[in-house]
There are 2 protein chains.
Amino acid sequence: MPVPDEGTRWLTEREQRTWRSFLTANRLLFDQVERQLQQGAGLPHAYFEILVRLSEAPDRAMRMSELASTSLSSRSRLSHAVARMEETGWVRRRPCESDRRGQIAELTAEGLAQLEAAVPSHVEEVRSLLFDALTETQREALLEISDAIVDHITRGDPPWPVAPDTPGPGPSRRPA
Amino acid sequence: MPVPDEGTRWLTEREQRTWRSFLTANRLLFDQVERQLQQGAGLPHAYFEILVRLSEAPDRAMRMSELASTSLSSRSRLSHAVARMEETGWVRRRPCESDRRGQIAELTAEGLAQLEAAVPSHVEEVRSLLFDALTETQREALLEISDAIVDHITRGDPPWPVAPDTPGPGPSRRPA
DNA sequence: CACAACGACTTGAGGGCTCAACTATTCCCG
DNA sequence: CGGGAATAGTTGAGCCCTCAAGTCGTTGTG
């Protein structure tokens, strides 16, 4: 690969291979999970995760910002997502009484039903794409590795609390 | 595949934890990589990968469909991406002489320069987000795990060749 | 208390991606 | 060879997401 620099800590041959294989595995895995969920349940994986978090909250309701944090969404993304899912009737929004700036998102019965219907085939997909590919030793290693990455990236930082619009994932914008 | 229920092979507690940690690590990692590339170089990671593959090809040129395969893009995605990067002058397209249906994408000098400028900080990002988080043992394990997933998912399938529009990743479409 | 700083969301423009057509070639086979 | 089937690539609509800016409510300080 290109090599102008000098001070850069380049990757070793083996690290390169690891990174590329990791990238490939991820794309293959998540693209398939995404497709399966979209075709089977008609929702993107990010929406699915939001519904899962909501379903696990007391009263199946949560403040928007807390929901954003636990579902690893930016505030903006969550706003758009909840707006959409409100249209389809899976989620309802109501004002927060203790803080009038706030909104509380609540999973509707319909949303819960939708979620429960989507879960089995999703689980099957995850098992067959990921866990079936690994030995028990590798599964354990994967947990440790994942935890290590999470700890490393969130080192010290609000393990989950959220900054301005910060928590949000990635970019956009056109090339030039 | 989908199973009403009962027959579902649920995840164990530990598998659940593994899957969620894996998801979290992936989001944190890729969102950050994406953002860094977008802000630093003004291109999305998918575009970056396309440029990398092109830069490694003989004459820095490749057939569209081959490029789609090696960069894990759907044909459609690649078409859009190349069209955009052609506008910005990083890539050029010319007809393929041996097969008049075909097109050959070629990395321009400008595109190569752009890519080389983007690489160092990208490498640094990958190192600091991923490899710095892991022990040597974990790095080795990650390579094995990734390879295992790739092999499993592509078992038998065209290891890379490409079906209709198939190779493409995921879905879209609205909830209901 | 007034007012600035901050926090919680929302909104809209812009861009990337998928899916589903659609065009143009090339292949294959009777 | 003639024509259907497969292949290469493109295009457009629709959706999700990001960024940046905007609206309100809350807090803290002189």
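Quick note on labels: first sequence line is chain A, next is B, and so on, each numbered from 1.
Where Val82(B) and Glu97(A) meet DNA chain D, the nucleotide closest to each residue was compared, and Val82(B) sits on the side nearer the 5' end. Nucleotides of DNA chain D nearest to Glu66(B) and Asp99(A) differ in position, and the one nearer the 5' end is that of Glu66(B).
Separating the CG atom of Leu72(B) from the C1' atom of dT18(C) is a distance of 16 Å, rounded to the nearest angstrom. Nucleotide dC16(D) holds its C1' atom 18 Å from the CD atom of Glu86(A), rounded to whole Å. Taking atom CE on Met62(A) and atom P on dC9(C), their separation rounds to 12 Å, with Å as the unit. With rounding to whole Å, Tyr47(A) atom OH is found 16 Å from dT18(C) atom P. In this structure, Arg27(A) places its CZ atom 14 Å from C1' of dT18(C), rounding to the nearest Å. With rounding to whole Å, Leu78(A) atom CG is found 14 Å from dT18(D) atom C1'. When the P atom of dG25(D) is taken as reference, atom CD of Gln103(A) falls 11 Å away, rounded to whole Å. Straight-line distance from the CZ atom of Arg93(A) to the C1' atom of dC9(C): 9 Å, rounded to whole Å.
Considering only side-chain N and O atoms, Arg75(B) lies nowhere under 4.0 angstrom from the phosphate OP1 or OP2 of dT18(C). Phosphate proximity of dC24(D) to Arg100(A): absent, as no side-chain N or O sits under 4.0 Å from OP1 or OP2. Within the 4.0 Å cut-off from OP1 or OP2 of dT7(D), not a single side-chain nitrogen or oxygen of Ser65(B) is found. When the side-chain nitrogen and oxygen atoms of Arg77(B) are compared with OP1 and OP2 of dT18(C), one or more of them lie within a distance under 4.0 Å. A sub-4.0 Å separation between OP1 or OP2 of dC19(C) and a side-chain N or O of Arg35(A) is present.
Contact annotation for Ala46(A): backbone-only contact, meaning every heavy-atom pair under 4.0 Å involves sugar-phosphate atoms and none involves a base. At the heavy-atom level, Ala83(A) lies nowhere under 4.0 Å from the strands shown.
On a pure distance criterion of 3.5 Å, no polar donor-acceptor pair joins the side chain of Ser74(A) and the base of dC17(D). No hydrogens or angles were tested; on distance alone, nothing pairs the side chain of Ser73(A) with the base of dC17(D) as donor and acceptor under 3.5 Å. With hydrogens and angles left out, the side chain of Ser76(B) and the base of dT11(D) share a donor-acceptor pair within 3.5 Å. Under 3.5 Å, the side chain of Arg101(B) and the base of dT7(D) form at least one donor-acceptor pair of N or O atoms.
Nearest to the side-chain atoms of Ser79(A) among the listed nucleotides dG25(D), dT11(C), dG9(D) stands dT11(C). Side chain of His80(B), nearest nucleotide from dT10(C), dC19(C), dG9(D): dC19(C).
Between Glu49(B) and Arg53(B) there is a salt bridge, since a side-chain N of the basic residue sits under 4.0 Å from a carboxylate O of the acidic one. Using a cutoff of 4.0 Å between basic side-chain nitrogens and carboxylate oxygens, Glu136(A) and Arg139(A) are scored as salt-bridged. In this structure, Asp132(B) pairs ionically with Arg9(A), as a charged nitrogen and a carboxylate oxygen lie closer than 4.0 Å.
The side-chain contact (heavy atoms from CB on, under 4.5 Å) test with Thr18(B) singles out one residue from Ile145(A), Asp147(A), Leu134(A), Leu143(A), and that residue is Leu143(A).
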Does the pair Glu124(B) and Arg127(B) meet the rule for a salt bridge (charged side-chain N to carboxylate O under 4.0 Å, His left out), with working shown?
CA-CA 5 Å; Glu124(B) 179 58 33; Arg127(B) 172 173 290 297; 5.6 Å; no

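Between Phe22(A) and Trp19(A), the ring planes are tilted. Angles from 30° to 60° get that label.
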